[in-house]
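None of the values given here were measured: they were computed from a predicted structure. These values consider heavy atoms only, across backbone and side chains, with no hydrogens, waters or symmetry-generated copies. Numbering starts at 1 and runs along the sequence shown.
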Amino acid sequence: MCGRYAASRQPEDLVSTFGVRQWEPQETLAPSWNVAPTAGVHAVLERPVKGEAAAAFPPGPVRQLRTLKWGLVPSWSKSPEGAAKMINARAETLHEKPSFKRAFGARRCLLPGDGYFEWVTAAAERQLEEQGRKKRPRKQPYFVTPADGSVMAMAGLYEFWRDPTLPPDHSLAWWVTCTVVTTEAETTPLAGATGGEGPQSLADIHPRMPLVLTPDRWDAWLDPARTDPDDLRALLAPPPAGLMRAYPVRTEVSNVRNNGPELLEELAAPEVGTLF
C-alpha cells in the first residue's frame, strides 16, 4: 500500500521533469519528508485551463502542476468524511469500483515523490503479538525509493467534489482530491539486494506497492483522450523489476508531526531488532 511518502522536490524541478506547461507558483507546496493522508500534494495532470490563464493556451488539455488533497472523495459522495480511507485504489479492481471507475476513465494523474514509507514488524515483536503479550508491536519503517535517485512518479486518480453546504462562489466550494493506485509488490530482487540480511524484495516488506510509472508511460497515463477500458487496463502493468531500493530509517517518521530531511537518512541497522 502507500500510506505515507516523501515529496521534497522543488516545484520548478517538477515542472521541468514532467514537461508542465501551466502552474501557479503561489499555489505550490513546501517540501515535505512525511506526507500523510488528507495532506495537500502535488499532482501532474492534463485538462483544459480555465479562467484568465486560458487565453495563453490553445483549446484542449494542457499539462498542469496542481495541488490536490490526498484521499479521494467521489463526486457523488454526500460528505468528505471517508477521504482518509480512500488514499489507495487497487489496480486490479479500480475499473469496476464505483468510487474509482469514472476517475480511471477520465481523470488520471501522476503523484511525484522521493519514495514511500512502509513498516515491518520485528520477528520478536511478531512472536509476542501472536502470543497475545503485546497488542501494539513496534514496527521498523523502511524507505523505498528509485535506485538511481530519480523522481518516483506514482499513478494516481483525481476527482472533483462539490461541498453542498457552501455557495458556488466560495473558495472552498470545490474539493479536488486524489488517490494512489497500488499493485502487487514485486517479488524480484531489490536493486542492491545481496541475499544477506534485510528485505530482498518489496514483497518482503509489504504485499502491496504503489504503481510506479516510468517516463515512457507518463504521456499515455495522463492522456484524457484515452478512455477505452481495455486500453486503460493495459496501462496498469507493473514497472520493470529492480528499479527500487529499500533501507531502514528512523522510527520518528511514524509520527506525522515529525518532518525533515533526517527522516530519509539510511540507518546502518534497523532500530527495532531482527526483522527477517
Side-chain angles (χ1 to χ4, degrees), residues 1-11 13-14 25-43 65-73 79-89 109 111-122 124-126 128-129 134-146 149 151-154 156 158 161 163 171-172 175-180 182 199 202 205-206 208-210 212 244-273 275:
M1 62 177 294
C2 180
R4 206 82 64 80
Y5 68 97
S8 67
R9 310 273 173 154
Q10 293 295 327
D13 293 336
L14 300 179
Q26 69 273 18
E27 296 180 2
T28 55
L29 302 166
S32 176
W33 294 266
N34 198 357
V35 180
T38 73
V41 297
H42 281 137
L65 180 67
R66 301 280 294 271
T67 297
L68 313 184
K69 184 183 288 290
W70 185 19
L72 190 137
V73 180
S79 78
E81 294 179 358
K85 298 179 181 179
M86 302 186 72
I87 59 172
N88 292 162
C109 63
L111 301 170
D114 307 309
Y116 69 97
F117 298 98
E118 200 56 79
W119 282 258
V120 178
T121 304
E125 299 272 335
R126 283 198 300 271
L128 292 175
E129 184 180 26
K134 197 175 185 69
K135 294 183 178 180
R136 297 190 65 182
R138 293 182 65 207
K139 295 186 177 184
Q140 172 62 52
Y142 273 77
F143 188 59
V144 182
T145 186
V151 65
M152 182 182 70
M154 298 180 289
Y158 69 97
W161 180 76
D163 188 341
S171 61
L172 300 178
W175 291 36
V176 191
T177 61
C178 63
T179 188
V180 175
T182 66
L202 288 176
I205 301 174
H206 195 277
R208 306 291 297 178
M209 62 175 282
V212 178
M244 312 297 281
R245 63 184 293 254
Y247 57 84
V249 292
R250 304 181 188 192
T251 53
E252 282 86 345
V253 74
S254 300
N255 188 330
V256 297
R257 290 188 293 270
N258 296 325
N259 199 327
E262 69 279 0
L263 297 179
L264 305 191
E265 293 177 0
E266 183 172 357
L267 300 182
E271 292 183 328
V272 301
L275 297 169

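Put simply, the side chain of Val253 does not reach to within 4.5 Å of the side chain of Tyr142, judged on heavy atoms. The shortest distance between side-chain heavy atoms of Val180 and Leu111 falls below 4.5 Å. Here the side chains of Trp175 and Leu72 are not in contact, with every heavy-atom distance at 4.5 Å or above. Between Val144 and Met209 there is no side-chain heavy-atom pair separated by less than 4.5 Å. Lys69 places none of its side-chain heavy atoms less than 4.5 Å from the side chain of Cys178.
Of all heavy-atom pairs between Ser79 and Val73, the closest is O-CG1, 4.0 Å. The shortest non-hydrogen separation linking Pro112 to Leu14 is CB-CD2, 3.7 Å. Here the closest non-hydrogen pair linking Met154 and Pro210 is SD-CB, 3.8 Å. When all heavy atoms of Thr179 and Ala89 are compared, the pair lying nearest together is OG1-N, 3.5 Å.
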Report task. Evaluate the side chain to side chain contact (heavy atoms under 4.5 Å, CB included) criterion for residues His42 and Thr67: first the C-alpha distance (whole Å), next the side-chain angles of each, then the deciding distance (0.1 Å), finally the verdict. Result -> CA-CA 5 Å; His42 281 137; Thr67 297; 4.0 Å; yes

Query raised in the report: Can you list the steps and then say if Ile87 with Cys2 is a side chain to side chain contact (heavy atoms under 4.5 Å, CB included)?
Result: CA-CA 8 Å; Ile87 59 172; Cys2 180; over 6 Å; no

Report task. Take Phe117 and Val249 through the test side chain to side chain contact (heavy atoms under 4.5 Å, CB included) and record every step on the way to the result. Result -> CA-CA 9 Å; Phe117 298 98; Val249 292; 4.1 Å; yes

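To the nearest 0.5 Å, atoms CG (Asn34) and OG (Ser254) are separated by 8.5 Å. The CG atom of Asn258 sits 6.5 Å away from atom CD of Glu252, with the distance rounded to the nearest 0.5 Å. The distance from the CZ atom of Arg66 to the CD atom of Glu27 is 7.5 Å, given to the nearest 0.5 Å. Between the CG atom in Asn259 and the CZ atom in Arg257 there is a gap of 12.5 Å [rounded to 0.5 Å]. Here the CH2-OG1 distance, from Trp119 to Thr251, works out to 10.5 Å after rounding to the nearest 0.5 Å. A distance of 7.5 Å separates CG in Leu65 from OG1 in Thr28, rounded to the nearest 0.5 Å.
Applying the side-chain contact (heavy atoms from CB on, under 4.5 Å) rule to Pro261 yields the partners Trp33; only residues at least two apart in sequence or on another chain are considered.
Under the 3.5 Å distance criterion, the side-chain polar atoms of Glu118 are left unmatched by any main-chain donor or acceptor of Arg4.
Residues Asp114 and Thr145 have side chains that never bring a donor and an acceptor to within less than 3.5 angstrom of each other.
The aromatic rings of Tyr5 and Trp70 sit perpendicular, their planes meeting at an angle over 60°, well past the 30° parallel limit.
Ion pairing between a basic and an acidic side chain is recognised when a charged N comes within 4.0 Å of a carboxylate O; Glu265 and Arg250 show such pairing.
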